[in-house]
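Scope of the values below: all heavy atoms of this structure, side chains included, with no hydrogens, waters or symmetry mates. All values reported here derive from a predicted model rather than from experimental measurement.
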Amino acid sequence: MDLREVNAQPLLRRHPWELVRARYFISVLEKHHLLARDGAILDAGSGDGWFAQCLAKRLSDARTIICWDHEYTPAQLQAFQEESSLRGPTYTRDAPTERCSLILLLDVLEHIQHDMGFLKELIANNLDADGLILISVPAWAYVFGPHDVFLGHYRRYAPKQLQALVKAANLEIIDRGELFHFPLIVRILQAVAARMAPTRTQPPSTELHWQHGRWITWMAYAMLRIDSLMSIGLSRMGIRIPGLSTWVLCRLERHS
């Protein structure tokens, strides 16, 4: 979860979107056998570190996860570290110097004004020569809305824009995809409605603070889970359809 949302109000329970997203990206890492690798994992722009905590449960004792977010306050660092288990992530607000076999950059680049410079610096400072980097970003500029503004997003990316960005950073794409197809339809309808009534002001969104009951939560999770399974199935068949998120798994470009 983004730190702005952590600060906005107390978290009652995780949004089904977060639960499905975590399960989806862990499946991507498992598909490429990245959980069994040696070496450190860097979760850059890690927010409250919840995804890293989920990931830590699937790793060997020898693996370490570093959660890095330059917006951590001293109080947050202390609280997150106290909540972390013995084998859980470590937290820092200072740029790490470790070389890592895996870097996670999940929904981060949209927060960075100069995304290319940040990505190149991260690769140069922290990615092992044979390491991999998993990058996800919110997709499609047309649905840029109040929630993006609230979170401090500079942009949303078309899939080809993300692919061009990583290639310009001398990365080679080994897998890619899109996620949350049905929610994209909802966002498009919301964007159309907002453009038809542009004078209406919309309050900042805190939509990740899920406060619904068990049955609504279960239904929302089930629908998003079906959506993610559909995404995985279509990807295996080489079929790609637009989603609310787009992602790439990359390694350093190899020159013959």
Visitor: Any side-chain heavy-atom pair from I41 and I66 closer than 4.5 angstrom?
Guide: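 In short, these two side chains do not touch, never coming nearer than 4.5 Å.
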
Visitor: Just to verify, what does L19 make a side chain to side chain contact (heavy atoms under 4.5 Å, CB included) with, not counting sequence neighbours?
Guide: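 Partners of L19 by the side chain to side chain contact (heavy atoms under 4.5 Å, CB included) criterion, ordered by chain and then number, come out as R14, W50, Y221.
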
Visitor: Should V28 and V20 be regarded as members of a common hydrophobic cluster, given that ILVMFWY residues are connected when their side-chain heavy atoms come within less than 4.5 Å of each other, either directly or indirectly?
Guide: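 V28 and V20: one cluster.
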
Visitor: Below 3.5 Å, can you tabulate the donor-acceptor pairs from side chains in residues 240-248 to any protein atom, sequence neighbours excluded?
Guide:
from, atom 1, to, atom 2, distance (Å)
R240, NH1, R176, O, 2.6
T246, OG1, G177, O, 3.4
W247, NE1, Y24, OH, 3.0

Visitor: What residue among D115, L162, L165 forms side-chain contact (heavy atoms from CB on, under 4.5 Å) with V137?
Guide: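 Only match with V137 under side-chain contact (heavy atoms from CB on, under 4.5 Å): L162.
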
Visitor: How long is the gap from CD1 on I103 to CH2 on W68, to the nearest 0.5 Å?
Guide: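 It comes to 9.0 Å.
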
Visitor: Are L102 and I133 close enough, and set up right, to give a side-chain contact (heavy atoms from CB on, under 4.5 Å), and what steps lead you there?
Guide: CA-CA 6 Å; L102 175 63; I133 179 167; over 6 Å; no

Visitor: Can you name the residues that form a side chain to side chain contact (heavy atoms under 4.5 Å, CB included) with K120, not counting sequence neighbours?
Guide: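 Partners of K120 by the side chain to side chain contact (heavy atoms under 4.5 Å, CB included) criterion, ordered by chain and then number, come out as M116, A169.
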
Visitor: Restricting to side chain to side chain contact (heavy atoms under 4.5 Å, CB included), what partner residues turn up for A141, sequence neighbours left out?
Guide: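 Here no residue qualifies.
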
Visitor: What is the distance from atom CD of Q190 to atom CZ of R187, rounded to the nearest 0.5 Å?
Guide: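 The CD atom of Q190 sits 6.0 Å away from the CZ atom of R187.
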
Visitor: Answer with yes or no whether the hydrophobic clustering places Y157 together with L179; edges join I, L, V, M, F, W, Y residues whose side-chain heavy atoms lie under 4.5 Å apart.
Guide: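 In one cluster: no.
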
Visitor: Looking at residues at least two apart in the chain, or sitting in another chain, which of them share a salt bridge (charged side-chain N to carboxylate O under 4.0 Å, His left out) with D175?
Guide: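 Here the qualifying residues are K31.
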
Visitor: Please round to the nearest 0.5 Å and tell me the distance separating atom CG of L171 and atom CD1 of I174.
Guide: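 Reported value, rounded in 0.5 Å steps: 10.5 Å.
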
Visitor: Can you list every pair that meets salt bridge (charged side-chain N to carboxylate O under 4.0 Å, His left out) and has a residue in residues 88-106, with sequence neighbours left out?
Guide: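 Those involving residues 88-106 do not exist here.
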
Visitor: If the condition is side chain to side chain donor-acceptor pair (under 3.5 Å), which residues does E121 pass it with, not counting sequence neighbours?
Guide: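 Partners of E121 under the side chain to side chain donor-acceptor pair (under 3.5 Å) test: none.
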
Visitor: Please table the atom pairs, donor to acceptor, closer than 3.5 Å between any side-chain atom in residues 226-234 and protein atoms at least two apart or in another chain.
Guide:
from, atom 1, to, atom 2, distance (Å)
D227, OD1, F180, N, 3.2
D227, OD1, H181, N, 3.1
D227, OD2, H181, N, 3.0
D227, OD2, F182, N, 2.8
S228, OG, R225, O, 2.8
S231, OG, E178, O, 2.6
S231, OG, H181, NE2, 3.4

Visitor: Taking the side chain as everything from C-beta on, heavy atoms only, tell me whether N126 gets closer than 4.5 Å to T97.
Guide: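 Side chain of N126 against side chain of T97, heavy atoms only: no contact under 4.5 Å found.
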
Visitor: Is V192 close to Y142 at the side-chain level, that is, under 4.5 Å between some pair of heavy atoms?
Guide: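 Side-chain contact under 4.5 Å: yes.
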
Visitor: Is a side-chain donor-acceptor pair under 3.5 Å present for S46 with Y72?
Guide: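 Present: a donor and an acceptor within the cut-off.
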
Visitor: Measure the spacing between NZ of K160 and NZ of K167 and express it to the nearest 0.5 Å.
Guide: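 Between atom NZ of K160 and atom NZ of K167 there are 10.0 Å.
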
Visitor: Membership question, hydrophobic clusters at under 4.5 Å side-chain separation (ILVMFWY): are I185 and I239 in the same one?
Guide: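 They do share one cluster, since a chain of ILVMFWY contacts under 4.5 Å joins I239 to I185.
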
Visitor: Donor-acceptor pair, distance only, cut-off 3.5 Å: does the side chain of H111 make one with the backbone of L151?
Guide: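 Indeed, once roles are kept as given, a pair shorter than 3.5 Å links the two residues.
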
Visitor: Look at the side chain of R155 and the backbone N and O of I112, then say whether any donor-acceptor pair between them is shorter than 3.5 Å.
Guide: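 Side chain of R155 to backbone of I112: a pair is present.
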
Visitor: Could you tell me which non-hydrogen atom of L105 sits nearest to which non-hydrogen atom of A44, and how far apart they are?
Guide: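 Closest approach of L105 to A44, heavy atoms only: CD1-CB, 3.7 Å.
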
Visitor: Mind jotting down which residue pairs meet the salt bridge (charged side-chain N to carboxylate O under 4.0 Å, His left out) criterion with at least one end in residues 136-153? Sequence neighbours excluded, please.
Guide: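 As it turns out, the salt bridge (charged side-chain N to carboxylate O under 4.0 Å, His left out) pairs with a partner in residues 136-153, which skip direct neighbours, are D148-R156.
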
Visitor: Are any of the side-chain nitrogens in R58 or E30 under 4.0 Å away from the carboxylate oxygens of its partner?
Guide: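 Answer for the salt bridge query: yes.
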
Visitor: The criterion is salt bridge (charged side-chain N to carboxylate O under 4.0 Å, His left out); which residues satisfy it with D128, sequence neighbours excluded?
Guide: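 D128 satisfies salt bridge (charged side-chain N to carboxylate O under 4.0 Å, His left out) with no residue once adjacent residues are dropped.
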
Visitor: Output all residues satisfying side chain to side chain contact (heavy atoms under 4.5 Å, CB included) with R37, sequence neighbours left out; order by chain, then residue number.
Guide: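 Checked R37 against side chain to side chain contact (heavy atoms under 4.5 Å, CB included); matches are L34, R63, S101, L132.
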
Visitor: Working note: F80 + C67, criterion side-chain contact (heavy atoms from CB on, under 4.5 Å); need CA distance, chi angles, decisive distance, verdict.
Guide: CA-CA 10 Å; F80 293 155; C67 289; over 6 Å; no

Visitor: Distance-only, no hydrogens or angles: does the E110 side chain make a donor-acceptor pair with backbone N or O of V108 under 3.5 Å?
Guide: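 Answer holds: yes.
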
Visitor: I'd like to check L134 versus L29 (side-chain heavy atoms, cut-off strictly below 4.5 Å). Are they in contact?
Guide: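 Counting from C-beta outward, L134 and L29 do come under 4.5 Å.
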
Visitor: Could you state the interatomic distance from CG (L55) to CG (D43), rounded to the nearest 0.5 Å?
Guide: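 Output value for this atom pair is 8.0 Å.
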
Visitor: Kindly say whether P89 contributes a backbone atom to a donor-acceptor pair with the side chain of Q81 at under 3.5 angstrom?
Guide: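 It does hold such a pair.
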
Visitor: Yes or no on side-chain contact (heavy atoms from CB on, under 4.5 Å) for L59 and L35, after CA distance, side-chain angles and deciding distance?
Guide: CA-CA 6 Å; L59 302 175; L35 301 188; 4.0 Å; yes

Visitor: Answer yes or no: is there a side-chain heavy-atom contact under 4.5 Å between I188 and V143?
Guide: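 A side-chain contact under 4.5 Å exists here.
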
Visitor: Where is the tightest heavy-atom contact between C100 and L42, given as atom of each residue plus distance?
Guide: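 Looking at all heavy atoms of both residues, the closest pair is SG-CB, 3.7 Å.
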
Visitor: Could you tell me which residues satisfy salt bridge (charged side-chain N to carboxylate O under 4.0 Å, His left out) with E172, sequence neighbours excluded, listed by chain and number?
Guide: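 Partners of E172 by the salt bridge (charged side-chain N to carboxylate O under 4.0 Å, His left out) criterion, ordered by chain and then number, come out as R251.
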
Visitor: Would you mind reporting whether L106 and F51 have side-chain heavy atoms less than 4.5 Å apart?
Guide: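 F51 reaches L106 side chain to side chain.
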
Visitor: Can you find a pair of side-chain heavy atoms, one from L122 and one from L127, that are under 4.5 Å apart?
Guide: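 Result no, sub-4.5 Å side-chain heavy-atom pair not found.
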
Visitor: Is there a donor-acceptor contact under 3.5 Å from the side chain of D69 to the main chain of G47?
Guide: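 Side chain of D69 to backbone of G47: a pair is present.
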
Visitor: Nearest heavy-atom pair of I173 and C250: which atoms, and what distance?
Guide: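 Where I173 meets C250 most closely, the heavy atoms are CG1-SG, 4.0 Å.
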
